[in-house]
Colleague: 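Have a look at the structure that comes next, please.
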Number of protein chains: 2
Amino acid sequence: MILNVDLSADVPIYQQIRDQVVEAIAHGALTEGSPLPPTRTLAADFGVNFHTVNKAYDLLRQEGLIRLSRGTGAVVTAAATDQVLPSDWTARARTLLAEAVARGISPDEVLRTCQTLLTSFGPAKQEDTR
Amino acid sequence: MILNVDLSADVPIYQQIRDQVVEAIAHGALTEGSPLPPTRTLAADFGVNFHTVNKAYDLLRQEGLIRLSRGTGAVVTAAATDQVLPSDWTARARTLLAEAVARGISPDEVLRTCQTLLTSFGPAKQEDTR
DNA sequence: AACTTTGTTCTATAACTAATAGAACAAAGG
DNA sequence: CCTTTGTTCTATTAGTTATAGAACAAAGTT
């Protein structure tokens, strides 16, 4: 897994780390049981404080995406088959989609863009259809 | 236009105001030339400081969605027919969509949800097809 | 011309967040 | 027993959020 942080971006570092792990899981680059690097190692790689990485991992644990344990480290948990989108996700999506439409992009093109993004991390996940 | 702010939400007040204006524009509830309430009026309605509303309006101006002038107030500008989604929008969309997929929601269902949201503010905008 | 409306700019303050720093502790594993 | 790795604690610096009050500048109204 390749992670990058942009120290001068306006997105908080811990959020960038969290987002990239989420995307790696969506892509299938990280699957159930995949280990994440130790906080101190990742922090050293990025040249940031390990507390910052810790915060990202803590977020991911709260979201149920990884499991943390001492000595062992962080591993990705099973995709919980939530089946249901949390209401706050829908609210954030509404805002984001509205932003594009408000700028004059046609709903059709917005939807096509979403589809392209979704298929970009779709194929790796061959759904078990038994 | 009906705006609401939740003072106890974890989303900043100025961001909530900005988001709701964006959604109103996307819905067509606000169109080119529609006036927004004066900052002090809106602030009084919400029970917040007028500097907070000011910040939201300033954001909307930076995004090119409204025009501000003294004495006259804030009015919605023409949908600029950008035609192109800014790259940072795509990045935010990627993160949001990945979040759903990482939680085990199927890409198909995510796309359907996006489509539903988009059509919810689509119909008001009868595109001029001459 | 005088007055009102409305955005703009300035300083200031309190509470919270982001990031860094260092230290010590606790459990898993070799 | 030692190393690895997450957990918790205190502390500091810089930036953000929201409030507060004052003054100014331009547009519109009377």
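Keep in mind that this is a model prediction, so the values were computed, not measured. Chain naming here is simple, since letters A, B, ... match the order of the sequence lines and numbering starts at 1 in each.
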Colleague: With a 4.0 Å limit, can you tell me whether B:Y14 has a side-chain N or O closer than that to the phosphate oxygens OP1/OP2 of D:dT17?
Modeller: yes

Colleague: Please report, rounded to the nearest Å, how far the P atom of C:dA18 is from the CG atom of A:N49.
Modeller: 15 Å

Colleague: Under 4.0 Å between any heavy atoms, over every strand shown, what does B:R61 touch: base, sugar-phosphate, or nothing? Just pick one.
Modeller: sugar-phosphate

Colleague: So how far is it from B:I25 CD1 to B:H27 NE2, rounded to the nearest 0.5 Å?
Modeller: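 NE2 of B:H27 is found 12.5 Å from CD1 of B:I25.
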
Colleague: Below 4.0 angstrom, N of the basic side chain to O of the carboxylate: do A:R67 and A:E32 qualify?
Modeller: no

Colleague: Look up atom CG in A:L97 and atom CG in B:L118, then write down how far apart they are to the nearest 0.5 Å.
Modeller: 4.5 Å

Colleague: In whole Å, what is the span from the CG atom of B:L68 to the P atom of D:dA26?
Modeller: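 Nearest whole value for this atom pair: 16 Å.
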
Colleague: Heavy-atom nearest nucleotide on DNA chain C for B:P38 versus A:L7: which residue maps closer to 5'?
Modeller: B:P38

Colleague: A:I66 has an atom CD1; how far is it from atom C1' of D:dT5, in whole Å?
Modeller: 13 Å

Colleague: Between atom CZ in B:R40 and atom C1' in D:dC24, what is the gap in whole Å?
Modeller: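 Result: 11 Å.
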
Colleague: Mark yes or no for a side-chain to base donor-acceptor pair under 3.5 Å between A:H51 and C:dG22, with no hydrogen or angle criteria applied.
Modeller: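 Such a pair is found, so the answer is yes.
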
Colleague: Respond yes when some side-chain nitrogen or oxygen of B:Y57 is under 4.0 Å from OP1 or OP2 of C:dG7, and no when none is.
Modeller: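 B:Y57 to C:dG7 OP1/OP2: no side-chain N or O under 4.0 Å.
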
Colleague: With the threshold set at 4.0 Å, does a side-chain nitrogen-carboxylate oxygen contact exist between B:D58 and B:K55?
Modeller: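 Result for this pair is no, no salt bridge flagged.
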
Colleague: Whole-Å distance between C:dT17 P and B:Q15 CD?
Modeller: 16 Å

Colleague: Please state how far atom CG in B:L36 lies from atom C1' in C:dT5, giving the value in whole angstrom units.
Modeller: 16 Å

Colleague: Can you see if the side chain of A:T52 gets near the phosphate of C:dA18 - specifically, an N or O under 4.0 Å from OP1 or OP2?
Modeller: no

Colleague: So which nucleotide from D:dT7, C:dT9, D:dT19 ends up closest to the side chain of A:F50?
Modeller: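 Side chain of A:F50 sits closest to D:dT7.
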
Colleague: Report yes if a donor N or O on one partner sits less than 3.5 Å from an acceptor N or O on the other, where the partners are the side chain of B:R70 and the base of D:dG28; otherwise report no.
Modeller: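 There is none.
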
Colleague: Salt bridge check: are B:E99 and A:R18 linked by an N-O gap of less than 4.0 Å?
Modeller: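 Between A:R18 and B:E99 there is a salt bridge, with a charged N closer than 4.0 Å to a carboxylate O.
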
Colleague: Of the options C:dG7, D:dT19, D:dG6, whose atoms approach the side-chain atoms of B:T39 most closely?
Modeller: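 Of C:dG7, D:dT19, D:dG6, C:dG7 is nearest to the side chain of B:T39.
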
Colleague: Check whether any side-chain nitrogen or oxygen of B:K55 sits under 4.0 Å from OP1 or OP2 of D:dA18, and answer yes or no.
Modeller: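 Looking at the OP1 and OP2 atoms of D:dA18, neither is under 4.0 Å from any side-chain N or O of B:K55.
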
Colleague: Could you tell me how far apart A:R67 (CZ) and D:dT5 (C1') are, to the nearest whole angstrom?
Modeller: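 Nearest whole value for this atom pair: 15 Å.
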
Colleague: Rounded off to whole Å, could you give me the CG-to-C1' distance for the A:D10 and D:dA14 pair?
Modeller: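 Between C1' of D:dA14 and CG of A:D10: 16 Å.
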
